[in-house]
Amino acid sequence: MLQYLVILLNNTSVAYCHADNPLKECSLMPLETLKKGILFGMKQNLMIQYVFPNYELPKEYAKVIESIDNVKIYPIGCKPVTGIEDGNNADVEVANEVPEKVEAKNLVLRLAFSEMLANKDEIAKLFASGARINLCITDVERFTDGQIEAYKQVLNEWDAILLNLYKQGQSPQFNLLSDRMMLEKMHNCEAGVSNITLAPNGKFYLCPAFYYDEQTKVDNQLNHHQPTSDNAVGDLENGLDIPNLQLLKLDHAPLCRNCDAYQCRRCLWLNRRLTWDLNTPSRQQCVMAHIERNASRALLNDIRKIGEFMPEIDIKEINYLDPFEVRKEF
Amino acid sequence: MSIKIKERQYNVWREGNAKNITFIVTKDCQLACKYCYLVGKNVKERMPWEVAKTFIDYVLDHETDPDFAYESVVWDFIGGEPFLEIELIDKICDYIKVELYRRNHHWFNSYRFSFSTNGINYHEKAVQDFIKKNRDHLSIGITIDGTEKKHDLNRVYKITEKGSYQDVVKNIPLWLEQFPGGGTKVTISSADIPYITESVLHLYSLGIHEVNINVVFEDVWQEGDDLKFEEQLMQLADAIIDDGYYQDYACSFFSEHIGKPMDPERDNQNWCGAGKMLSVDAAGNLYPCTRFAQYSLRDKEAWTIGNIHDGIDKNKLRPFLTLDRTTQSPQKCIECEVASGCAWCQGENFDAAQTHTVFERATAICLMHKARVRANNYYWNKLYRKLELEDLREQYEANKREVKPEIC
């Protein structure tokens, strides 16, 4: 069931997930389109998430933006000024390098794998900030089996730091390690299912990455050129039209529906980019998600040595990192 | 009707643990069959020897890779018409044999060369020399569609559009002499329906004891075709039973295993072997099945899974190797009371899908399958009643030949 409408206010709105935004030409969503988008969200009972560019929008946008309850996603250091401060804000700052401090309650930190390793200590310092830290690795497709040990090691080091914070009575939130400890079922991105993206052109996309691909005519299948690069799944005039919607859902993903790496982003865009099918994750996605899962399990076990913690959660010991290898046992 | 049909070696291999590896040696063919799914045939894309050799080396270098951990191997040669490239094929097969021996590969003496040919140049010296040289490791099927009228309705020469029946039928005796259990594959499209009965009986009269027929998976069917199809199959059932063909001849239309509901969990395997097979084309691109090469696709771009230089991108195989029946089927198929035996082609599913996926099952044959099931039920009810009245049922059961569905 749709719950969120992501509105890209500009072509250059900040990228906040795996895909970089390659669009350089500024193209602001027309005010009328924005109004229609908000109306669509209201009628569909959707929570609006605005994605901002790194410059201040024209003043007339502020009133329209604040005409509905919303979450703002913006580049760090470019907090949108709309004249309305939400006391209980869930706004999201997005950084492409490790910031010294976090002002919002949520930080999306987008780093390449090597950047993550190189900045592991600086990243660890953010755990005590009180903000939820969402680390998003931007080059998943280049992750190799040769990097498995390095990933395990850095997560183990972060486990120890998080454990200390728990010992001090804090409840740090770091997506790669703390999310799985809290989850009893899959909690993924759910692009196209629980959220949909409205682009500045007034069309809907499964997520911003599919819009980027369309606009840059970058083929989503790498060397695989499609007759059309139209990735839109509807528009404001005609509503949503998502072909094969069932294939976006968990029950139609044979690997994922049997998996318990519940914190996995299960990124459809990466699925399609790496396996060419939206409902099938690549080895890289599965292995990384399972390394995180196992590190979460270790952290959970360590926390429980201090005292009772999430007793209803059971993360079983497993002997694989890629469920594809044990698919015949499903 | 005392001829005992020998189990086709081809089927023995298909049932065993064999890896199927296909060379698309050419995209050229003498014919331009009207129902052919190969929309991109051409005379230019002929496989160079270097591509074939590099591919073979790649496959044999990966003997221990799980993708190649099969007891045996079927090296398939496909076109277009594969025998147009008999010299290349001969060189490929010689190289395979030498390399299997030199490497002490576990496929040595556990391999088969398989061909599906239009039969036109079957008698030519180069083809016959090849057959003699490789006789013990060969499976060859010649496609003949039935009567001359039915065959020439679709299987015509390119440019002249002259029917090819006479050029094929003259080679059938030689083929059956060399491959006595040889079966033929017949394809049915909308225009062929009125000729099914006479065509199957005609093939029997040529000495072909096993006729494998399937209706095309593409959406070509006209309103009322299912009823005409059912009528033809019932006529065929009458002829097979009344004239006693059922004892020694087989037609894949009739099977006791089709037309039953299927359990969503227990009977959830994929129909097709795409992804477990491996195909290579003249450019050295690799495919999960030839049906994913560009010349087979109407509306989609080719689904390559790598190339002979970089190898297989295993991520591109994951969708195929996780496919199951229910995930790709619409609800009407999952709930279908006569689901068993209803086939699909993964390539056609992909080509016809709304999105870039192999998880959307095409259902253009739905009514045709249901018609087949009705005629099939008629066939078995009639046959068993006859056998019971003649007190021959036990004898039939003891000797009956299982015709397995042709699963690609």
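Below, read A as the first sequence line, B as the second, and so on, with proteins coming before strands; counting in each chain starts at 1.
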Option that, when pairs with chain B are counted at under 4.5 Å, heavy atom only, ranks first among A:Gln246, A:Lys328, A:Arg257: A:Arg257

Flag if over 12 foreign heavy atoms under 6.0 Å of NE2, B:His106: yes

A:Thr280 side, atom OG1; B:Leu321 side, atom CG - distance, nearest 0.5 Å: 10.0 Å

Crowding at NZ, B:Lys314 (>12 non-hydrogen neighbours, <6.0 Å): yes

B:Phe320 CZ to A:Trp276 CH2 distance, which is reported to the nearest 0.5 Å: 9.0 Å

Close side-chain approach of B:Phe359 to A:Leu278, heavy-atom, < 4.5 Å: no

Rounded distance (nearest 0.5 Å) linking atom CG of A:Asn244 with atom NE2 of B:His356: 12.5 Å

Proximity breakdown for B:Leu323 and chain A, heavy-atom pairs closer than 4.5 Å: neither

Residue B:Gln269 excluded, over 12 heavy atoms near CD under 6.0 Å: yes

Nearest-0.5 Å distance that lies between atom CZ in A:Phe324 and atom OG1 in B:Thr322: 7.0 Å

N/O donor-acceptor pair under 3.5 Å between A:Asp277 side chain and B:Val358 backbone: yes

Heavy-atom contacts under 4.5 Å, residues 56-70 of chain B to chain A: none

Interface residues of residues 247-254 of chain A facing chain B - heavy atom cut-off under 4.5 Å: A:Leu247, A:His252, A:Pro254

Under 3.5 Å donor-acceptor, A:Arg283 side chain and B:Arg318 backbone: no

Enclosure of B:Gln354 CD (heavy-atom neighbours >12, cutoff 6.0 Å): yes

Donor + acceptor pair across side chains of A:Glu141, B:Asn315 (<3.5 Å): no

Proximity breakdown for A:Asp322 and chain B, heavy-atom pairs closer than 4.5 Å: side chain

